[in-house]
Undergrad: 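Let me give you the structure first, and then I'll get to my questions.
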2 protein chains.
Amino acid sequence: MLAWRTYIEVTARLNLALEQDLAPTGLTQGDYQVLVVLSEAPEHRMRMCDLANLLQLSPSGLTRRLDGLVRDGLVGRAASETDRRVMLAVLTPAGHETLATAAPDHVESVRSRLFDQLSDTQVDQLAAIFTAIGLGLDSEQP
Amino acid sequence: MLAWRTYIEVTARLNLALEQDLAPTGLTQGDYQVLVVLSEAPEHRMRMCDLANLLQLSPSGLTRRLDGLVRDGLVGRAASETDRRVMLAVLTPAGHETLATAAPDHVESVRSRLFDQLSDTQVDQLAAIFTAIGLGLDSEQP
DNA sequence: CGCATTCTGTTGCGATCGCAACATTTGTGT
DNA sequence: ACACAAATGTTGCGATCGCAACAGAATGCG
């Protein structure tokens, strides 16, 4: 039970700290994740619904998140040529550059806030623990 | 880096699953935490600002959260007799009963989603890991 | 082919939350 | 005692997000 309360408190504070570390770049963690996923996608583009699934966002949530990124010129919208229902989110050069600028600071933020506090063994334990929890979430009554 | 992505994905899914488990009681996790803290406080009451610090909420966030709980009759507001600035949040009998009804289900939810997936050793590791991260958050440049 | 079903993305609505500004009250320094 | 600073809670405003409803497009089936 102590472990549970510690988990609740620390995850909240960790997320807040990481968000504040990222704020000077003008990005939120959600924006950053969109840019990362797009930068790793073939041709730097991805269907909206695939993006929503990867980011665990509702369709409407993703639409509004992309609205902001499109307004800032970091992502563009393109219609698919093979399926006229789908919209593709496309990383722009400005988006790629913004990500390249923000990534080192964010990686350093995660490293100092999280991994520097843990031994190598604990990092392995952390990965094993959350993998096990994730498997449990897959197989329960959802 | 894999550990990091797993952590991000699983914490999000775990929170969602716990929120949905708690939804049938009509409470959110935030509401539940308010009731828990008040039920453990002397005389079932607490100053707004102390409550906000404990729950890691902004003053305005706590005001609106209490608005909902007061509307539902689970919490009452009382003026302090010694400091006329402060408002006390007071757990009502209805709030106490609602908590008593919801707690077993929520504890079972946390147990099945989290602790049943882990060995006793992993639970200890989890506590140690997040305690270390929490200590790191205390001592860094905030 | 024709029609129902499914998939995809957007919009209206409401809920949640933080920041800045504010009013009130308390504490502090001289 | 008086003025200034700090603490406390609330409100306006904007940002974020999910659900339900919707419209357009593709797919399956008789």
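Each chain gets a letter, A, B and so on, in the order its sequence line appears, and its residues count up from 1.
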Undergrad: Which residue, A:Arg64 or B:Asp50, contacts DNA chain D at a nucleotide closer to its 5' end, judged by nearest heavy atom?
TA: B:Asp50

Undergrad: Is B:Glu40 paired with A:Arg5 through a side-chain N to carboxylate O contact shorter than 4.0 Å?
TA: yes

Undergrad: Between A:Asp67 and A:Arg77, is there a salt bridge with N-O shorter than 4.0 Å?
TA: yes

Undergrad: Counting C-beta onward and ignoring hydrogens, is there a side-chain heavy-atom pair between A:Val10 and B:Thr131 closer than 4.5 Å?
TA: no

Undergrad: Hey, which of these two, A:Cys49 or B:Pro59, hits DNA chain C nearer its 5' end, going by closest nucleotide?
TA: A:Cys49

Undergrad: Between B:Arg71 and A:Arg47, just flag the one whose closest nucleotide in DNA chain C comes earlier from the 5' side.
TA: A:Arg47

Undergrad: Between the protein and nucleotides 26-29 of chain C, list the N/O to N/O atom pairs that are separated by less than 3.5 angstrom.
TA:
residue: C:dT26; atom: OP1; partner: B:Arg84; partner atom: N; Å: 3.3

Undergrad: Between A:Ser60 and B:Val86, which is nearer to the 5' end of DNA chain D once each is assigned its nearest nucleotide?
TA: B:Val86

Undergrad: Walk along DNA chain D from 5' to 3' and tell me the first and last nucleotide with an atom closer than 4.0 Å to a non-hydrogen atom of chain A.
TA: D:dT16 to D:dA26

Undergrad: Taking CG from A:Leu62 and C1' from C:dT10, how many angstroms apart are they, rounded to a whole number?
TA: 11 Å

Undergrad: How would you label the contact of B:Leu57 with the nucleic acid (heavy atoms, under 4.0 Å): base, sugar-phosphate, or nothing?
TA: sugar-phosphate

Undergrad: Examine the side chains of B:Ser80 and B:Asp83 and answer whether a donor and an acceptor come within less than 3.5 Å of each other.
TA: no

Undergrad: Kindly assign one of parallel, tilted or perpendicular to the pair A:His106 and A:Tyr32, based on the angle between their ring planes and the thresholds 30° and 60°.
TA: tilted

Undergrad: Could you tell me whether the side chain of B:Arg13 and the main chain of A:Gly134 form a donor-acceptor pair under 3.5 Å?
TA: yes

Undergrad: How about A:Leu57 and A:Arg65: do any of their side-chain heavy atoms sit closer than 4.5 Å?
TA: yes

Undergrad: side-chain hydrogen bond (donor to acceptor under 3.5 Å, both in side chains) with B:Glu19: which residues, sequence neighbours excluded?
TA: B:Gln29

